[in-house]
Amino acid sequence: MALKTNSFLLLALLLATVVRVSADTTDSASVQSAQKAEAVAKTEKQGNEEHGVEEKIKTESKPAGDKESGKNLQQRFDDADMVAVVKVNYISELVNPAMSVQGLVAVEGYRYTARLMRSWKGLEQQNFKFSVKLSACTKRLKAKQEYLVFGNATRYKKFQASSCEDMVPLEEAEELMVGLDKITRINVAKSDKATHSPI
């Protein structure tokens, strides 16, 4: 009987030890898991802070008046032969006959017949044409809509846009137009100063 009791006590003691060791292991694993989660969260926070600083630098380094092309408004104005608000009257496709095959037409861009609404540079005629190649911009403008267009001269008094950013819908162009007014005022002031300077 005493042997059975001792065996029973020994078994109970062994079981209690196993339970305690298991609980300690579980607590230790929980602590380690919590420590790992805290370390991961800290690393992510540092990464986000660094990313935020990078984003801030990128945002601050973007030129004023132009969020997409990498050029500021003054550079865009200087590089363009024509800067104007135009109303698109008619749209046709630029077809490349050499690339067209029987039954298929190779369209390489769009040609717009437009009416001049307001000019900052390079345009005097009321009606003119400008084009854009699909390799430069796949967006098609809408007829009867107005756009602020930056263009470069081609032959026969026609103009060509070089990117989608060169054709801005009027409702999105207000800030650019204010900037263009400032640029032209500065240019006029410089011109007047040069004209009236003593020899």
Side-chain angles (χ1 to χ4, degrees), residues 55 58-196:
E55 284 300 313
K58 283 181 187 174
T59 303
E60 288 175 351
S61 67
K62 281 182 180 177
D66 187 6
K67 297 180 176 67
E68 297 177 22
S69 72
K71 291 183 181 180
N72 66 32
L73 186 57
Q74 180 69 58
Q75 288 172 315
R76 291 173 73 183
F77 181 84
D78 292 342
D79 291 347
D81 296 315
M82 174 270 284
V83 181
V85 170
V86 304
K87 183 174 184 178
V88 174
N89 289 328
Y90 182 74
I91 304 167
S92 59
E93 295 172 338
L94 292 173
V95 175
N96 185 340
M99 296 295 291
S100 299
V101 293
Q102 193 174 27
L104 295 172
V105 176
V107 176
E108 61 180 16
Y110 298 109
R111 180 180 291 118
Y112 301 99
T113 303
R115 180 172 178 79
L116 175 65
M117 306 306 286
R118 181 178 178 191
S119 176
W120 284 269
K121 182 179 182 182
L123 264 183
E124 294 176 4
Q125 68 267 34
Q126 286 298 305
N127 296 295
F128 68 100
K129 292 182 180 180
F130 72 96
S131 61
V132 62
K133 299 236 173 139
L134 289 174
S135 58
C137 179
T138 57
K139 180 175 71 175
R140 180 179 167 141
L141 304 186
K142 295 178 182 176
K144 308 304 177 191
Q145 298 294 313
E146 293 184 18
Y147 297 87
L148 172 62
V149 178
F150 295 79
N152 294 104
T154 62
R155 292 182 299 170
Y156 312 117
K157 295 186 179 178
K158 293 178 183 175
F159 295 92
Q160 183 168 319
S162 302
S163 69
C164 291
E165 287 80 26
D166 285 345
M167 304 173 296
V168 184
L170 192 62
E171 60 271 15
E172 298 172 21
E174 187 176 343
E175 189 179 335
L176 291 170
M177 291 166 66
V178 170
L180 289 168
D181 286 340
K182 288 179 184 175
I183 289 169
T184 50
R185 277 199 300 271
I186 291 167
N187 289 350
V188 167
K190 284 180 181 176
S191 176
D192 287 347
K193 189 174 179 183
T195 303
H196 294 97

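For the atom pair Leu180 CG and Phe77 CZ, the distance stands at 7.0 Å (nearest 0.5 Å). We find the CG-NZ distance between Asp81 and Lys121 to be 6.5 Å, quoted to the nearest 0.5 Å. In this structure, Lys129 NZ and Phe159 CZ are separated by 14.0 Å, a value rounded to the nearest 0.5 Å. Atom CG of Leu94 and atom CD of Glu108 lie 6.0 Å apart (nearest 0.5 Å). Distance check: Leu141 CG to Glu146 CD gives 12.5 Å after rounding to the nearest 0.5 Å. Interatomic distance, Lys142 NZ to Tyr147 OH, rounded to the nearest 0.5 Å: 6.5 Å.
At a threshold of 4.5 Å between non-hydrogen side-chain atoms, the residues Arg76 and Asp166 count as touching. Within the 4.5 Å cutoff, the side chain of Gln145 has no heavy atoms near those of the Val88 side chain. Between Met177 and Leu170 the shortest side-chain heavy-atom distance falls below 4.5 Å.
Taking each heavy atom of Ser162 and Ala136 in turn, the nearest pair found is O-CB, 3.2 Å. Scanning all heavy atoms of the two residues, the minimum distance from Asp181 to Thr184 falls at O-OG1, 3.0 Å. Of all non-hydrogen atoms in Ala143 and Asn89, the two that sit nearest each other are CB-O, 4.4 Å. Contact record, Ala84 with Ser119: CB-CA, 4.0 Å, taken as the closest heavy-atom pair.
Each disulfide (SG to SG under 2.5 Å) pair with one or both residues in residues 117-176, not counting sequence neighbours, appears once here: Cys137-Cys164.
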**Derivation and outcome, side-chain contact (heavy atoms from CB on, under 4.5 Å), residues Leu176 and Leu73** = CA-CA 7 Å; Leu176 291 170; Leu73 186 57; 3.8 Å; yes
**Request:** Kindly determine whether Met82 and Val149 satisfy side-chain contact (heavy atoms from CB on, under 4.5 Å), including the steps that lead there.
**Result:** CA-CA 8 Å; Met82 174 270 284; Val149 178; 3.9 Å; yes
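With Val132 as reference, Met167 is the one residue of Arg140, Gln160, Met167 to meet the side-chain contact (heavy atoms from CB on, under 4.5 Å) rule.
Partners of Tyr112 under the ring pair (Phe, Tyr, Trp, His ring centres under 6.0 Å) rule, at least two apart in sequence or in another chain, are Phe130.
No more than 12 heavy atoms of other residues, nucleotides or ligands shown are found within 6.0 angstrom of NZ on Lys182. Within 6.0 Å of CD in Glu124 there are 12 or fewer heavy atoms belonging to other residues, nucleotides or ligands.
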